[in-house]
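Following: one structure in structure tokens, then a few remarks.
Any value given below was found using the heavy atoms of this structure, including those in side chains, with hydrogens, waters and symmetry copies removed.
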Protein chains: 4
Amino acid sequence: MFNFYNQFAIDMTRRTKRALKENDILDAAERIFASQGYSNAKMENIGKEAGVSKATVYFYFESKENLYMAIAFRAMTMLNNMMYDAVHESKSKSGLDSVLQLMETYFEFGSKYPLYTEAMLDYMTWIRSTSSGTDEAKLTEALKDSLYFKKAQDIHNIPVSLVVQEIKRGLRDQSIKNNNSPEMLYLTAWGSVLGYLKLVNLAGKKQSLHKIPTGDLKNYIVKVLHHGLTTVI
Amino acid sequence: MFNFYNQFAIDMTRRTKRALKENDILDAAERIFASQGYSNAKMENIGKEAGVSKATVYFYFESKENLYMAIAFRAMTMLNNMMYDAVHESKSKSGLDSVLQLMETYFEFGSKYPLYTEAMLDYMTWIRSTSSGTDEAKLTEALKDSLYFKKAQDIHNIPVSLVVQEIKRGLRDQSIKNNNSPEMLYLTAWGSVLGYLKLVNLAGKKQSLHKIPTGDLKNYIVKVLHHGLTTVI
Amino acid sequence: MFNFYNQFAIDMTRRTKRALKENDILDAAERIFASQGYSNAKMENIGKEAGVSKATVYFYFESKENLYMAIAFRAMTMLNNMMYDAVHESKSKSGLDSVLQLMETYFEFGSKYPLYTEAMLDYMTWIRSTSSGTDEAKLTEALKDSLYFKKAQDIHNIPVSLVVQEIKRGLRDQSIKNNNSPEMLYLTAWGSVLGYLKLVNLAGKKQSLHKIPTGDLKNYIVKVLHHGLTTVI
Amino acid sequence: MFNFYNQFAIDMTRRTKRALKENDILDAAERIFASQGYSNAKMENIGKEAGVSKATVYFYFESKENLYMAIAFRAMTMLNNMMYDAVHESKSKSGLDSVLQLMETYFEFGSKYPLYTEAMLDYMTWIRSTSSGTDEAKLTEALKDSLYFKKAQDIHNIPVSLVVQEIKRGLRDQSIKNNNSPEMLYLTAWGSVLGYLKLVNLAGKKQSLHKIPTGDLKNYIVKVLHHGLTTVI
DNA sequence: CATGAATGAGGCTTCATTCAT
DNA sequence: GATGAATGAAGCCTCATTCAT
């Protein structure tokens with residue numbers, strides 16, 4: 001018979017099932033986007049990779065752009081969580097330690113999920129057309145309708161806020177000594193990550209560039225950034 | 001009537017004419033690629049921008065990929081010249097000053113010609129598929145036949161060599177104090193430039209990010225790199 | 001427990017329920033078809049408009065074509081009823097008056113239910129492929145199976161019959177003076193309605209064409225038709 | 001050698017060739033649209049019918065909508081020419097005769113080129129969205145860019161003007177006696193044509209409806225209209 | 001040399017219809 | 001009965017590339 005609880009259970013199952021399949025498709029999409037880039041990726045192949053038809057991909061995500069934005073949203077959620085965790089774990093440590101931890105987190109995120117970084121950057125490029133009338137590129141209808149594009153807008157500022165907040169804490173507890181604005185330090189750090197990722201991408205599977213292992217490179221960069229935070233320059 | 005010199009003159013004219021038109025098309029292509037990216041750029045529009053037909057573009061450059069590689073080649077030539085000049089001008093200065101000058105050159109190059117930087121990076125990504133069997137992406141037939149792709153391979157290592165050479169000079173004259181390998185320092189610097197450019201790209205016409213003008217950001221990054229070269233960390 | 005009457009009652013309920021839901025869906029379908037046309041209408045939207053799922057629409061009507069034919073059938077039923085009523089009310093009047101009343105009825109039907117008129121016309125176009133081997137367009141499988149398509153065939157000639165019958169009565173009672181065949185007069189009248197509806201459609205919400213209100217136009221057309229019936233031309 | 005005249009000749013040839021092919025494609029498109037309707041017609045098939053590829057159709061006409069508007073434009077040009085001719089030929093006759101001739105022209109046009117009539121009507125429906133903000137349907141980008149859609153706007157009022165002008169002439173020379181506005185008479189006539197065409201369409205290849213040959217029907221309608229023009233009702 | 005013309009090979013998206021639960 | 005999910009079969013349009021003149 002019908003009863004509330006049963007109905008509820010069915011609903012949960014359905015939602016769960018849907019979420020699971022959405023996840024499967026998203027996973028497949030990530031693989032395809034990662035290996036071929038956004039432009040070269042084909043919806044057909046994403047479907048195949050997920051073991052469903054192209055139309056099913058459209059059933060779950062309404063457009064290629066929305067699908068990509070779903071990945072960008074995943075990326076942001078992931079990054080935010082990693083950063084919240086980092087801040088939480090560094091609660092009892094100095095502001096400097098926390099910021100360094102956040103940097104490590106950034107590198108880890110970027111290295112582990114290069115596609116996520118790219119998707120986030122693309123998201124930011126795309127949103128530029130929204131926020132300012134100065135840029136000529138027009139948003140497509142599909143992007144305007146994209147649910148995930150909208151969802152992303154609610155959370156895309158969390159990383160800056162966190163880093164800036166921890167830098168301020170470091171300045172207060174004097175573990176950080178730097179007369180530049182927290183935002184400047186944030187951008188420097190983030191720029192370092194982005195540059196590093198480009199190089200890692202160039203290194204490819206070889207994992208080294210001009211005989212330098214990318215891991216060593218990262219460590220050196222972090223060291224330089226650390227230095228930058230603790231020195232008045 | 002016919003004589004050798006005359007023929008030669010005609011040839012020169014022909015060559016010159018051809019070179020001039022090639023240049024016009026390349027200029028047009030740069031504008032289109034810069035404003036729309038490689039994938040979104042259309043051969044038709046490049047032709048229009050150059051005031052010639054699409055077919056003419058194909059007459060001078062055999063494929064879209066080759067055209068793009070011609071730009072990458074231009075980019076490398078330009079960068080190499082700028083770096084040769086920088087080194088030449090710093091001949092009488094210390095190694096450190098020379099390296100700093102090279103960094104400034106890099107930033108200048110990247111800021112002035114963002115497309116060139118991108119084209120060079122794409123070149124490097126594309127060449128990876130050539131040099132190593134480990135990467136799955138296959139080079140297209142067009143790229144394999146690309147004259148400019150081949151020409152680029154002869155000169156693409158000059159920047160590293162120059163920077164490394166000047167770093168070594170700086171170590172010798174003790175203006176640079178750093179126990180890391182010159183290649184590591186090179187990569188750090190280059191990575192910084194690449195990251196900076198991404199941020200500049202994100203900033204768009206606004207020219208600032210989180211209220212920080214991109215110019216200030218660049219200055220700060222150079223300062224940090226300078227510090228990194230003169231400190232044992 | 002089980003008994004015939006009870007079972008009958010349950011059956012009635014079931015039938016009633018089914019009929020009610022069918023009606024809801026049909027109503028929704030009318031709204032969608034009316035505002036977007038047959039080709040642009042989507043089964044999904046019809047379902048949404050009716051508050052049910054697309055699959056439910058298919059449960060009650062087996063295909064888009066059958067659904068549309070159900071509307072055509074509704075249209076014919078409606079028109080027939082309106083015409084029966086008109087004839088009934090004009091029973092004591094002259095044949096001319098009855099025919100004029102029927103014309104008014106036609107205009108009223110067409111103006112109030114433009115979709116019905118269109119659906120009837122489409123039905124007639126579609127049926128042509130059935131009745132004659134001379135037309136190349138083939139009926140789809142769905143149309144061949146359409147229950148409503150078949151039902152419509154039983155009643156689609158009623159309007160002509162009624163009008164012709166009343167015209168004959170008018171000729172007999174000499175209120176109509178016209179040496180042309182009743183069918184000719186019928187077609188003229190019907191053609192006038194169809195043309196008028198096209199114009200009304202073109203007028204759109206403006207309700208006027210070249211400054212002429214569509215209402216005035218209708219009145220004039222009726223006047224001309226009236227004249228045509230009472231004059232030997 | 002190059003010379004102006006030669007170049008001119010070449011240009012003429014090119015233009016002629018292009019015009020010829022455009023015509024071929026347009027002819028093919030007419031056949032397809034006529035037999036299947038706008039929605040059911042496929043660009044692929046239009047290409048096949050014209051003996052070219054789908055892409056070639058797009059080379060000459062930029063979109064399906066523009067292609068259809070090209071036909072609407074052809075239709076208007078044709079109708080306008082026919083009407084100009086009719087007016088010209090009736091110059092020495094009475095206004096009434098001229099108007100009757102114009103009506104005959106309308107019927108001839110509609111009967112000979114039913115697709116043209118339909119295309120013109122569709123054009124008028126589409127343009128409604130342009131001219132008034134009251135209609136909700138939005139014009140597609142393709143329609144907005146349609147060259148032929150724009151061209152049509154320059155000439156779509158010619159028929160009304162001509163008919164109205166000749167009716168006025170008829171009123172002046174007293175061959176027409178009717179107290180209604182010329183626009184009303186125009187609409188009545190045009191509506192009659194549209195209605196007649198619907199019926200002809202229903203008749204199909206059979207060319208008769210309820211045993212009435214469509215030709216007879218047309219004659220009767222013209223007679224009624226004639227009567228309407230010369231009688232005060 | 002230059003170009004108008006032509007096209008093959010897709011790519012994104014839509015939708016009527018079916019099916020498992 | 002009802003529906004969420006799934007899909008095959010198109011359809012419109014694009015574009016790098018080729019070729020005849």
Exercise for the section: Can you sort out which residues in residues 38-54 of chain C have a heavy atom within less than 4.0 Å of DNA chain F? Ascending by number, please. Expected result: C/Val52, C/Ser53, C/Lys54
Fill in the blank from the handout: B/Lys17 NZ to E/dC1 C1', in whole Å, measures 10 Å
Exercise for the section: Could you tell me whether a side-chain N or O of C/Lys21 sits under 3.5 Å from a main-chain N or O of C/Thr16, the two making a donor and an acceptor? Expected result: no
Problem - Bounds of contact between DNA chain F and chain C, in 5' to 3' order, using a heavy-atom cut-off under 4.0 Å - result: F/dG1 to F/dA6
Practice task
Please identify each residue that fulfils side-chain contact (heavy atoms from CB on, under 4.5 Å) with C/Asn40, with sequence neighbours left out.
Solution key: C/Gln36
Handout entry: Base-paired stems in DNA chain F, each at least three Watson-Crick or G-U pairs under 3.5 Å
Key = E:2-21 with F:2-21
Practice task
Please state whether the rings of D/Tyr38 and D/Tyr68 are parallel, tilted or perpendicular, taking 30° and 60° as the class boundaries.
Solution key: tilted
Practice task
Please figure out whether C/Ala55 or A/Val57 has its closest DNA chain F nucleotide nearer the 5' end.
Solution key: C/Ala55
Problem - Results of side-chain contact (heavy atoms from CB on, under 4.5 Å) for A/Ala142 - residues two or more places apart only - result: A/Ser63, A/Glu65, A/Thr140
Problem - 5'-most by nearest nucleotide on DNA chain E - D/Phe59 or C/Ser63 - result: D/Phe59
Practice task
Go through the structure and list residues passing side chain to side chain donor-acceptor pair (under 3.5 Å) with A/Ser53, not counting sequence neighbours.
Solution key: A/Thr56
Problem - Residues which pass side chain to side chain donor-acceptor pair (under 3.5 Å) with B/Tyr148, listed by chain and number, not counting sequence neighbours - result: B/Glu22
Completion exercise
note: D/Tyr58, atom OH; E/dT7, atom P; distance rounded to Å ~ 15 Å
Practice task
Please name all residues satisfying side-chain contact (heavy atoms from CB on, under 4.5 Å) with D/Ser39, sequence neighbours left out, ordered by chain then number.
Solution key: C/Ser39
Completion exercise
Those residues at least two apart in sequence (or on a different chain) that pass side chain to side chain donor-acceptor pair (under 3.5 Å) with C/Glu49 are C/Arg31
Practice task
Could you pull out all residues at least two apart from B/Lys48 that satisfy salt bridge (charged side-chain N to carboxylate O under 4.0 Å, His left out)?
Solution key: none
Problem - Spacing of B/Glu22 atom CD relative to E/dA2 atom C1', expressed in whole Å - result: 15 Å
Problem - Residues in side-chain contact (heavy atoms from CB on, under 4.5 Å) contact with A/Ala29, at least two apart in sequence or another chain - result: A/Phe33, A/Ile46, A/Leu67, A/Ile71
Practice task
Apply side chain to side chain donor-acceptor pair (under 3.5 Å) to D/Asp27 and list each qualifying residue two or more places apart in sequence or on a separate chain.
Solution key: D/Arg74
Problem - Whole angstrom value for the distance that separates C1' of E/dA16 from CG of C/Asn66 - result: 14 Å
Practice task
Please work out if C/Tyr60 contacts a base, only the sugar-phosphate, or nothing of the nucleic acid, heavy-atom cut-off 4.0 Å.
Solution key: sugar-phosphate
